[in-house]
Structure formats: C-alpha cells, structure tokens
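Scroll down for the structure; my scribbles are underneath it.
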Amino acid sequence: MPDRDALMAQMRTRSPGLRALGYRIRFDLTDTGESILLDGTGGQAAVEPAGGTEEADTVLSLSSDNLAKLIAGRLSPMLAFSTGRLRVEGSKGVAMKLASLLDED
C-alpha cells in the first residue's frame, strides 16, 4: 500500500499535463483516512496534503492502491467508478476532465 507522500510524488510527475485542469480535486483515501488536494486552478497544478475538509469542485474517494493504479494508467477511471472502487462527489464533469488528462501521455 503506497503512502500519501509516495502518491503525491507520483501525482507531481504528472502535474505538467494537469495544469489545464482548471479545478480543485480532493482525493479521500478510504484505507488511510488521509486526503490529497490537486489544485489545477493556477498556472501549474499543485499537489499537497489535505485534511479532508478543504473545499474542492470534486471529491474522489478510493483506496491508496487504486489511486496509484489510476495515476500509473493501470486502472481505467470508468472501470473503477462502475465497479464501486471509485466514488465521485460533486461535479462528474470535472472527474471526466481529470480522467481525459490522465489518459494523455
């Protein structure tokens, strides 16, 4: 199980492509109780620890293992959502935009 710091480092390697996001997304890790905030509203996407109460346009709830697989491209966001491994609160459109940006490589 990857820890939050490892996940944030993985996300930061993808951040140049995520700067076009234009939204704030909070990832709530269901297995650790921790959260990560991806802020794509500035010139560059920022990835930082979150307390679970930070405002975000969309909140994605999933395990740290599934988040690592999503970032690495080994798990389809649509498959994760349809099988219940990923829960989306807030704008589904923002989640779809993130999925399309993660697919660009």
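Residue indices begin at 1 and follow the sequence shown.
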Contacts table for residues 41-50: side-chain donor-acceptor under 3.5 angstrom, sequence neighbours left out:
| unit_1 | atom_1 | unit_2 | atom_2 | d |
| --- | --- | --- | --- | --- |
| Thr41 | OG1 | Asp39 | OD1 | 2.5 |

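With rounding to the nearest 0.5 Å, the separation of CZ in Arg12 from OG in Ser15 is 8.5 Å. The CZ atom of Arg26 sits 9.5 Å away from atom CD of Glu55, with the distance rounded to the nearest 0.5 Å. Summarising the geometry, atom CZ belonging to Arg14 is positioned 11.5 Å from atom CG belonging to Leu38; distances are rounded to the nearest 0.5 Å. Interatomic distance, Leu37 CG to Met8 CE, rounded to the nearest 0.5 Å: 10.5 Å.
Across Thr30, Thr32, Ile36, a single residue satisfies side-chain contact (heavy atoms from CB on, under 4.5 Å) together with Glu34, and that is Thr32.
Applying the 4.5 Å side-chain rule to ILVMFWY residues, one finds that Val59 remains a lone member of its cluster.
Contact between Leu7 and Ile71 at its shortest, heavy atoms only, is O-CD1, 4.0 Å. Closest approach of Leu70 and Leu75 over heavy atoms only: CD2-O, 3.1 Å. Taking every heavy atom of both residues into account, Ala68 and Gln10 meet most closely at O-NE2, 3.6 Å. Scanning both residues, Ser64 and Leu29, for their nearest heavy atoms gives CA-CD2, 4.1 Å.
Partners of Ala9 by side-chain contact (heavy atoms from CB on, under 4.5 Å), not counting sequence neighbours: none found.
A distance-only check finds no donor-acceptor pair linking the side chain of Ser91 to the backbone of Thr58 [under 3.5 Å].
Between Leu98 and Leu60 there is a side-chain heavy-atom pair separated by less than 4.5 Å.
Between the side chains of Asp31 and Ser63, not a single donor N or O lies within less than 3.5 Å of an accepting N or O.
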